[in-house]
**Student:** 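Take a look at this one; I'll ask things after.
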Amino acid sequence: MATKPGSKKNESEKASERSSEKLWGGRFAESTAASVEDFSASIHYDSRLYRYDIAGSKAHATMLANNGMLSKEELRLIVEGLSRIEQEIDSGDFEFKKELEDIHMNIEKALADRIGPAGAKLHSARSRNDQIALDLKLYLRDQCDRFADLLDDVRRGFVLLARTYLGRVMPGYTHMQRAQPVLISHHMLAYFEMFSRDRERLLDSRKRINICPLGGAAMAGTGLPIEREQVAELLGFDGVTANSMDTAGDRDFAIEFVFCCTQIQLHLSRLSEELVLWAGSEFDFVAIGDRFCTGSSIMPQKKNPDIPELIRGKSGRVVGSLMALLTLVKGLPLTYNRDLQEDKEPVFDAVDTVSASLSMMAELLENLEFNTEKMAEATKTGFMTATDLADYLVLKDVPFREAHGIVGRVVGFCIEQDCELVDLNLGQMQQFSPVIDKDVYEVLTVDGSIQSRISTGGTSLQRVEEALRVAEKQVGIA
Ligand code: ARG
């Protein structure tokens, strides 16, 4: 559409000019509607991938040059041009254009504008379909490494707490009822295990992320003479994907990564729940440093555990991101469908939310002080050594089921008498079983109970010290 000199351009004329700028504009007679550009653009969030897009393009160009599809000079122009674009984006001087849709076309167009014909050769043997998979994999690979470090900070926090409070006791719970006495360190190391599994899971998912998709092209591969293994090697991948159709449509790796994130956030959430409970006056097990609490705008006495509450609350959105991704791929036919563009925001939100929660938790762990007296006090009531009494009977050859019944009756008697097991005298005990002797009092104490739990993974001091040493080694302490 021609524009008369001096006349004001209308929207459709402006769009028409934009359409001729589009890298895929060739077959289109009409320009894209402005509303369609608005609706379909992803540049406002996928610009986050620019570093990976540029690294991928440089490796791709190098391979093209090695295989005779670019001259040395063209390669030089491309690599230098891309470096300049990267610097501009780094320093905030690059103008992203919505009409160029996404990060791939923004960078490719800028390159062509700067270096001319050589830039127009970069996209040979490549599609945005394998390019976006590449960018996302490179991004997630970095995130795996970053998350492993963040998890280590949290794991170190538990190890330090376990060392600090070694030997101190607290109630262990089932059904939120006092169950058996444990060492505080044992409880801390339980979380250490959870976050260790998270780290392992993440690094395992990294193996499947680290397979290069580039060269799958649109979905059927390419007839141009490329060497996929070379690109893979340049970018530090462990190999190349085996099927071009699978490559174009696969987001398993992103889903798996976000699942790993979700599992981390759920572990953080369970821990947060305990901290919120423990910080309340009903428990009074822990003091959270003032720096990590906030006050109430109306109740002057309040000191609220907002940080663990927020971490617990954020687990909802992380689960939401996972759900979004799962639902996204549910009905998709092979291969690439534009739906897949909707993968980025949930992935980025999960990355941001979980990494922020991990760093907060690492800091929070350094600002906890356990009220060891309160915790020890809480082990003295609730018949927490009842299982020890049953085990005592078993060791005197009473079948466990029978022992369980006997101890149940002893507990019932204590409830009637409003006393604890240790308060019964030997005569009273023997009414329930003649095999009970005065050595029973050793197993009825909290210390005796804890010391007896020497099975692998149990809460005796000896076992916990062993576990603590292993944990310390893993996080580089001692
Ligand atoms: N922005 C797109 C995405 O995120 C890149 C791939 C586009 N491919 C296409 N054929 N339109 O998925």
Side-chain angles (χ1 to χ4, degrees), residues 18-19 21-28 30-33 35-57 59-60 85 89 94 96-112 122-143 209 212-222 231 241 244-258 321 324-352:
R18 287 202 302 268
S19 149
E21 273 192 17
K22 293 225 188 316
L23 295 173
W24 43 254
R27 68 95 70 210
F28 287 79
E30 258 190 312
S31 53
T32 321
S35 57
V36 169
E37 286 183 348
D38 274 345
F39 190 70
S40 57
S42 55
I43 188 61
H44 52 291
Y45 51 84
D46 67 18
S47 58
R48 182 191 288 232
L49 297 171
Y50 74 94
R51 246 178 240 296
Y52 305 101
D53 198 77
I54 288 173
S57 287
H60 180 64
I85 291 171
I89 302 178
F94 187 88
F96 289 110
K97 293 186 181 149
K98 190 178 59 190
E99 57 272 23
L100 289 171
E101 275 181 44
D102 56 26
I103 187 62
H104 322 300
M105 291 202 289
N106 267 272
I107 290 176
E108 195 189 323
K109 181 75 168 59
L111 182 70
L122 175 63
H123 209 54
S124 316
R126 184 176 80 171
S127 151
R128 278 186 296 154
N129 299 350
D130 53 348
Q131 195 178 358
I132 185 57
L134 175 74
D135 292 8
L136 199 54
K137 281 187 159 184
L138 287 172
Y139 169 78
L140 289 179
R141 186 175 74 181
D142 269 5
Q143 295 308 322
I209 289 170
C212 186
L214 205 69
M219 60 106 187
T222 175
V231 179
T241 54
S244 61
M245 294 183 78
D246 174 44
T247 303
D250 172 33
R251 289 296 179 275
D252 297 6
F253 64 92
I255 293 173
E256 198 180 347
F257 175 86
V258 173
S321 292
L325 287 176
L326 293 170
T327 315
L328 176 63
V329 298
K330 175 191 167 287
L332 283 191
L334 287 183
T335 55
Y336 180 83
N337 299 274
R338 189 65 180 271
D339 313 46
L340 290 177
Q341 180 169 295
E342 289 292 312
D343 62 354
K344 251 76 73 199
E345 286 172 294
V347 166
F348 294 157
D349 195 65
V351 164
D352 293 345

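For ligands, and for the atoms within them, numbers begin at 1 and follow the listed sequence. Values below: all heavy atoms of this structure, side chains included; hydrogens, waters and symmetry mates excluded.
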**Student:** Would you check whether Lys344 has a nitrogen or oxygen atom less than 3.5 angstrom from a nitrogen or oxygen atom of ligand 1?
**Tutor:** yes

**Student:** Between NE2 of His123 and CH2 of Trp24, what distance do you get to the nearest 0.5 Å?
**Tutor:** 13.5 Å

**Student:** How close does the nearest protein non-hydrogen atom get to atom 8 (N) of ligand 1, and which residue and atom is it?
**Tutor:** Asn129 OD1, 2.9 Å

**Student:** For atom 11 (N) of ligand 1, grab the closest protein heavy atom and report residue, atom and distance to one decimal in Å.
**Tutor:** Arg128 NH2, 3.4 Å

**Student:** Hey, could you give me the CG/CG distance between Asn129 and Leu340, rounded to the nearest 0.5 Å?
**Tutor:** 8.5 Å

**Student:** Answer yes or no for Arg48 and Tyr139: cation-pi contact, defined as NZ/CZ to six-membered ring centre under 6.0 Å and angle to ring axis within 45°.
**Tutor:** no

**Student:** Please report the interatomic distance CD1(Ile107) to CZ(Phe94), rounded to the nearest 0.5 Å.
**Tutor:** 6.5 Å

**Student:** Does NZ or CZ of Lys137 come closer than 6.0 Å to the centre of the six-membered ring of Phe253, within 45° of the ring's axis?
**Tutor:** yes

**Student:** Can you find a non-hydrogen atom of His104 under 4.0 Å from ligand 1?
**Tutor:** yes

**Student:** Counting only heavy atoms, tell me which of Trp24, Tyr336, Tyr45 gets closest to atom 7 (C) of ligand 1.
**Tutor:** Tyr336

**Student:** Before signing off on this row, confirm whether Gln341 and ligand 1 have an N or O atom pair separated by under 3.5 Å.
**Tutor:** yes

**Student:** Could you tell me the residue and atom name of the protein heavy atom closest to atom 5 (C) of ligand 1, and the distance to it rounded to 0.1 Å?
**Tutor:** Asp102 OD2, 3.5 Å

**Student:** Taking atom CD of Glu108 and atom CG of Asp102, what is their separation to the nearest 0.5 Å?
**Tutor:** 10.0 Å

